[in-house]
Amino acid sequence: MMDMKWIRHSQEAQEELQRVADQKGIALSVEELLKLDDKRRALLLSVEELRQQRNARSEEISLLMRKGSREAAEQTKRLVKTINVRLSGQEAQFREVEAIYQELLLLIPNIVSPDTPVGASDQDNVEVRRVGAPPAFDFEYKDHVALGELHGMIDIPRGVKTAGTRSYYLTGMGALLHRAVQQLAIDMLVEKGFTLMDVPLTVRTEAMQNTAFFPLGQDQAFRIAEEDKWLVGTSEVPLVSYYSGETVDVSQPIRLAAASMCFRSEVGSGGRDVYGLYRVHQFAKVEQVVLCEANVETSERLLQEITANAEELLGKLELPYRVVAVCTGDMSQKTYKQYDIETWMPSRGAYGETHSSSNLLDFQARRSNIRYRDAEGKLRHCHTLNNTAVASPRILIPLLENHQLADGSIRIPKALQPYMNGLERIDPPAAFGPQE
């Protein structure tokens with residue numbers, strides 16, 4: 001949410017927000033919003049004036065009654081009734097305009113950083129750096145689904161049988177790898193000073209709206225029937241909401257982390273992304289969230305820090321990846337600046353997104369009303385940032401595919417071995433065939 005005073009009194013701000021809304025594909029007319037704001041302000045003024053008139057006349061009635069001027073009192077009562085009729089109409093009109101205004105207000109996008117690329121889709125994202133080289137296999141390699149079936153680690157057919165499309169089971173070594181990468185990420189973040197939290201997986205509509213996942217992302221969320229509750233698609237929502245409505249101390253940045261299950265409906269996605277484990281309804285994430293002072297230099301430094309944390313994890317997993325600057329058309333409403341990290345996936349013959357880092361400035365904190373006192377004692381809204389340290393089972397795609405060997409075995413990166421009981425590789429079964 002942006003400051004309406006800034007929008008209302010700055011032609012430059014109005015033009016910038018309209019440009020950003022258009023670039024992000026948000027159906028918002030800043031001009032219409034300002035007209036509604038003018039109308040609601042005029043209606044509010046009229047309502048307040050009528051209330052003052054009614055109150056003054058009501059006091060006058062009491063005074064007249066005490067003086068015994070019954071006829072004058074009755075005449076004033078009739079006037080009060082007339083004022084009440086007008087007031088009722090004005091209040092109804094104000095509520096109607098206010099409701100539309102609030103809906104439009106929630107569509108205002110965050111501004112974007114000067115170095116954010118302008119583009120229409122992820123095809124226009126700009127590569128920042130590339131780390132590691134994709135493996136050059138001298139054998140016919142398998143994709144993660146084939147490897148998972150070979151080793152009894154992934155069972156998609158039974159997942160679909162049980163829970164419907166985009167569902168799966170991780171079994172045996174698959175489940176252990178799934179847990180191992182999460183624990184590796186947790187241990188790394190805790191060592192770096194992050195406070196680990198176990199968070200609610202269901203939240204109220206207010207929490208989704210305050211963290212700017214609603215209204216535009218509502219079609220991506222699962223609602224709990226007949227309740228004002230939603231399954232979270234990221235622990236960013238409960239982590240930020242932990243401080244909603246509070247004044248916090250950000251003399252040192254607040255670093256939070258959570259490992260949680262996440263749920264997304266994935267409406268509108270299709271093509272090759274539906275194959276295997278790339279885009280599923282249920283997954284696990286280790287999330288980083290940071291709250292800091294409202295200083296662009298500070299939040300930029302922290303954006304680089306949390307991005308580096310994700311890169312460090314990929315280094316520990318010995319996976320080749322690249323970092324891209326996300327363009328305007330591929331950004332969400334709330335994002336000021338974003339990096340995606342894409343990891344090499346042999347079966348796709350391309351890099352696939354596995355991590356995302358975002359700086360939201362004070363956009364999210366304004367909605368959530370999270371403030372701090374600056375050096376002068378003035379209350380200001382914090383900056384918030386977030387990053388996916390690891391998301392599984394998607395990370396299993398490059399982990400299995402890049403580390404496969406010619407005999408079908410899978411090498412376990414050294415950093416993961418302590419979490420796999422010292423296992424250095426996963427050997428294929430001596431004999432295997434279709435499961436009954």
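No experiment lies behind these values; they were computed from the predicted model shown. The residues of the chain are indexed from 1 along the displayed sequence.
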message: Please list all pairs meeting ring pair (Phe, Tyr, Trp, His ring centres under 6.0 Å) that have one or both residues in residues 211-237, counting only residues at least two apart or in different chains.
response: Phe214-Trp230, Phe222-His281
For [Y], is there an ion pair with [X] - N to carboxylate O distance below 4.0 angstrom?
| X | Y | answer |
| --- | --- | --- |
| Glu305 | Arg255 | yes |
| Glu236 | Lys334 | yes |
| Glu91 | Arg51 | yes |
| Lys35 | Glu31 | yes |
| Asp374 | Lys378 | no |
| Arg19 | Asp22 | no |

Just by distance, no angles: are the side chains of [X] and [Y] close enough, under 3.5 Å, to form a donor-acceptor pair?
| X | Y | answer |
| --- | --- | --- |
| His178 | Ser392 | yes |
| Gln14 | Gln18 | no |
| Thr384 | Gln364 | yes |
| Tyr321 | Glu311 | yes |
| Ser356 | Asp340 | yes |
| Tyr339 | Ser358 | no |
| Lys285 | Ser235 | no |
| Asp143 | Ser347 | no |
| Ser241 | Ser244 | no |
| Asp228 | Thr205 | yes |
| Arg425 | Ser409 | yes |
| Gln304 | Glu300 | yes |
| Thr343 | Thr354 | yes |

- request: Tell me, with the steps shown, if Ser299 and Asn359 meet side-chain hydrogen bond (donor to acceptor under 3.5 Å, both in side chains).
  value: CA-CA 7 Å; Ser299 56; Asn359 183 355; 3.1 Å; yes
I'd like to know if the side chain of [X] and the backbone of [Y] have a donor-acceptor N/O pair within less than 3.5 Å.
| X | Y | answer |
| --- | --- | --- |
| Glu15 | Glu12 | no |
| Gln404 | Lys142 | yes |
| Thr162 | Arg158 | yes |
| Tyr278 | Glu353 | yes |
| Asn295 | Glu297 | yes |
| Ser29 | Glu32 | yes |
| Gln417 | Ile412 | yes |
| His403 | Pro398 | no |
| Glu318 | Pro413 | no |
| His144 | Leu277 | yes |

Shortest non-hydrogen separation from [X] to [Y] and the atoms involved:
| X | Y | value |
| --- | --- | --- |
| Pro215 | Arg367 | CD-NH1, 4.4 Å |
| Asn125 | Cys327 | OD1-N, 2.8 Å |
| Leu106 | Gln333 | O-NE2, 2.6 Å |
| Asn309 | Met188 | O-CE, 3.1 Å |
| Cys262 | Gly233 | CB-O, 3.4 Å |
| Val326 | Thr116 | O-CG2, 3.5 Å |

Report yes if the side chains of [X] and [Y] come closer than 4.5 Å at any heavy-atom pair, otherwise no.
| X | Y | result |
| --- | --- | --- |
| Leu17 | Ile111 | yes |
| Arg322 | Val131 | no |
| Glu287 | Asn387 | no |
| Leu216 | Leu107 | yes |
| Pro393 | Tyr168 | yes |
| Val324 | Val126 | no |
| Gln288 | Asn386 | no |
| Met261 | Phe283 | no |

message: What verdict does the side-chain contact (heavy atoms from CB on, under 4.5 Å) test give for Val290 and Phe194, after you've listed the backbone C-alpha separation in whole Å, the side-chain angles of each residue and the deciding distance to 0.1 Å?
response: CA-CA 9 Å; Val290 180; Phe194 282 75; 4.2 Å; yes
- prompt: Could you go step by step and tell me if Gln102 and Glu98 meet the side-chain hydrogen bond (donor to acceptor under 3.5 Å, both in side chains) rule?
  reply: CA-CA 6 Å; Gln102 290 297 333; Glu98 176 71 9; 2.8 Å; yes
task: Would you please test Leu400 and Leu177 for side-chain contact (heavy atoms from CB on, under 4.5 Å) and show each step?
output: CA-CA 10 Å; Leu400 298 178; Leu177 280 171; 3.8 Å; yes
- request: Evaluate the criterion side-chain contact (heavy atoms from CB on, under 4.5 Å) for residue pair Leu196 and Leu189; output intermediate values, then yes/no.
  value: CA-CA 8 Å; Leu196 181 65; Leu189 293 178; over 6 Å; no
Could you state the interatomic distance from [atom1] ([X]) to [atom2] ([Y]), rounded to the nearest 0.5 Å?
| X | Y | atom1 | atom2 | answer |
| --- | --- | --- | --- | --- |
| Met4 | Asp37 | CE | CG | 4.0 Å |
| Tyr101 | Leu43 | OH | CG | 13.5 Å |
| Lys337 | Leu361 | NZ | CG | 10.5 Å |

With a sphere of 6.0 Å drawn around [atom1] of [X], does it hold more than 12 non-hydrogen atoms of other residues, nucleotides or ligands?
| X | atom1 | result |
| --- | --- | --- |
| Arg8 | CZ | yes |
| Arg223 | CZ | yes |
| Glu246 | CD | yes |
| Asp198 | CG | no |
| Glu127 | CD | yes |

query: Between Leu396 and Leu170, is a side-chain contact (heavy atoms from CB on, under 4.5 Å) present by the stated rule, with each step listed?
result: CA-CA 11 Å; Leu396 299 186; Leu170 296 178; 4.1 Å; yes
